[in-house]
2 protein chains.
Amino acid sequence: MEIRQHLSQVDLFKGLTVEELEAIARIVSNKEYKKGQLIFSEGDEGVGFYLVISGRVKVYKLSPEGKEQIMHIFGPGQPFAEVPVFEGSRYPANAETMDNCKLFFFPKKDFVSLILENPSLAMNMLASLSQRLKQFSNLIETLSLKEVPGRLASYLLYLSDKNGSIDEFKLDIAKSQLASLLGTIPETLSRIFTKMGNRDLIRTNGPQITILDRTGLEDLAEGETKL
Amino acid sequence: MEIRQHLSQVDLFKGLTVEELEAIARIVSNKEYKKGQLIFSEGDEGVGFYLVISGRVKVYKLSPEGKEQIMHIFGPGQPFAEVPVFEGSRYPANAETMDNCKLFFFPKKDFVSLILENPSLAMNMLASLSQRLKQFSNLIETLSLKEVPGRLASYLLYLSDKNGSIDEFKLDIAKSQLASLLGTIPETLSRIFTKMGNRDLIRTNGPQITILDRTGLEDLAEGETKL
DNA sequence: CGCTGCGTTGAGCTTCTTCAACGATCGTGG
DNA sequence: CCACGATCGTTGAAGAAGCTCAACGCAGCG
């Protein structure tokens, strides 16, 4: 069955037996969303969680004035919106697709039953939440202790790493979305890109980035240098 | 036995049988720390997690220039430093006591064994991590989408609620620590306290706070007003 | 009694945002 | 196929928010 194929490739379900995977597959429902579609809003009743099969999903908060802070961007293989499954009942943020997406949906009640019968699954879920917690710590640190140039430098180095530590790569999201992820606005981000170019730290061509001075970027990311 | 007494009153272990509590009690070790003592540093090997019995513990990150961002303050009954038990092996932040503290320590290996045999315990831990995740989302939102006056207003309202929605209460932490929790510095915080006083939103006398205009504070917290 | 840590206040400055305008790109419909 | 509108990104000028540095008062404690 196709669902089980997908599940078996996901970290959350690694190490599980075929029978366990089948049990999980039985509770899954398939969902499709168009690009830019709202999946749920902050405060909505949390009836279950999701797994990204294809496309990307952003989870974000909005200020009353409409400023957006992206908390996390989820890609294929990643679960999101688990919080209301285990604590409280409402989603603490908004979720929206960034591409056309295929998602699996896991109803809260059914999934909790599975967890209670399956300690490995529980451990996997604990690992997943712990990882998220670590990522959130990093975001908090970044937002509160680094200036925007440092945040951007960190992000570029992270992207480079993800691409095998190569010096040339493409931004995986639009710059305006990157601004929101870094806790700033497009104008500010754009100015910093320009400055980084002037200092010969990077070269940009649209979404294409070339790292010219890796050490310089690292110093920026660590707050040892200013632009 | 005294350890089990403590455990039975803690959310993390609620709903467990006496036998289960005893099994947990067997792996606990008792620790005492003086006020201001470092419990662990970011990057240290995470050999287990802690439960606060008495006193308070702050978990925080430091910037290279020495600025501190408090991630969370833990009081009696709350577990902390669970992340490296389930994901990775190092503490992602620093922990330090704010008072003389009694802590329980749960060794990673032993505790994982218990989790694997005890689905209720696993569920409780999932709930605990989920709650933390929610709190972190809030902190991210606060740091990124609110200005400092709004953050302070939120905190004061939160404190008031914690004290039974009463209008007069004492700050539970030093103002310099509050600054660090709100992602700012003591000077800025002090100026905002003064302004709030001038606008007759609150009256302060050292750590004693009186809320004069609850609605005004709420507007500030929601970003609908400026100071 | 003096020391130390905490809180407050002032002046100046840096960083970031706001507001406005404009160029480029892309997809769509005429 | 071209034209148009929408979205995105960039740039400039001005202003706001918060930070740095410095000085000082005050309380608690050795």
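Given the structure is predicted, the values throughout are model-derived calculations rather than measurements. A, B, ... follow the sequence lines: proteins, then strands. Residue 1 opens every chain. Below, each value reflects all heavy atoms present in this structure, side chains not excepted, and no hydrogens, waters or symmetry copies.
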Novice: Just the rounded figure in Å: distance from P of C/dG7 to CG of B/L178.
Specialist: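 After rounding, the reported distance stands at 9 Å.
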
Novice: Determine, step by step, whether A/E96 and A/Y60 satisfy the side-chain contact (heavy atoms from CB on, under 4.5 Å) criterion, reporting the C-alpha distance in whole Å, the side-chain angles of both residues, the deciding distance to 0.1 Å, and the verdict.
Specialist: CA-CA 8 Å; A/E96 188 181 315; A/Y60 61 99; 3.0 Å; yes

Novice: Looking only at N and O atoms, is any donor in the side chain of A/E147 or the base of D/dC19 less than 3.5 Å from an acceptor on the other one?
Specialist: no

Novice: Before we go on, tell me: are the rings of A/F40 and A/F105 under 6.0 Å apart, centre to centre?
Specialist: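 Here the rings of A/F105 and A/F40 have centres that are no less than 6.0 Å from each other.
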
Novice: Does atom CD1 of A/I166 have more than 12 heavy-atom neighbours from other groups under 6.0 Å away?
Specialist: no

Novice: So, is B/T194 close to the C/dT8 phosphate, meaning a side-chain N or O under 4.0 Å from OP1 or OP2?
Specialist: no

Novice: Whole angstrom is fine here: how far is it from NZ in B/K175 over to C1' in C/dC6?
Specialist: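 My rounded result for the distance is 10 Å.
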
Novice: Using whole Å, report how far NZ of A/K195 lies from P of D/dT10.
Specialist: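 In whole Å, D/dT10 P lies 15 Å from A/K195 NZ.
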
Novice: In whole angstrom, give the distance that lies between atom CD of B/E68 and atom P of C/dC6.
Specialist: 11 Å

Novice: Nearest to the side chain of A/T188 - C/dA20, D/dC19, C/dT17?
Specialist: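 Nearest nucleotide to the side chain: C/dT17.
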
Novice: When the distance from CD of A/Q208 to C1' of C/dT25 is rounded to whole Å, what number comes out?
Specialist: 17 Å

Novice: Using whole Å, report how far CD of B/Q69 lies from C1' of D/dC19.
Specialist: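 It works out to 15 Å between those atoms.
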
Novice: So which nucleotide from C/dT8, C/dC16, C/dT15 ends up closest to the side chain of B/S190?
Specialist: C/dT8

Novice: Any sub-3.5 Å donor-acceptor pair from A/T184's side-chain atoms to A/S180's backbone N or O?
Specialist: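 Not at all, since once roles are kept as given, no pair shorter than 3.5 Å links the two residues.
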
Novice: Send over the distance from A/I185 CD1 to C/dT17 P, rounded to a whole Å.
Specialist: 5 Å

Novice: Look at the side chain of B/R191 against the base of D/dT20 and say whether a donor-acceptor pair falls under 3.5 Å; ignore hydrogens and angles.
Specialist: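 Result: at least one qualifying N/O pair found.
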
Novice: Is there a side-chain contact between B/K67 and the phosphate of D/dT20, meaning an N or O under 4.0 Å from OP1 or OP2?
Specialist: no

Novice: Have a look at A/P149 and say if it touches a base, only the backbone sugar-phosphate, or nothing, with a 4.0 Å heavy-atom cut-off.
Specialist: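 Result for A/P149 = sugar-phosphate.
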
Novice: Answer yes if the ring centres of B/F104 and B/H6 are under 6.0 angstrom apart, and no otherwise.
Specialist: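 Yes, they do, as the ring centres are separated by less than 6.0 Å.
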
Novice: Could you check whether B/S176 gets within reach of a base, just the sugar-phosphate, or nothing at all, counting any heavy atom under 4.0 Å?
Specialist: sugar-phosphate

Novice: Could you state the CE-C1' distance from B/M98 to C/dC6, rounded to the nearest angstrom?
Specialist: 14 Å

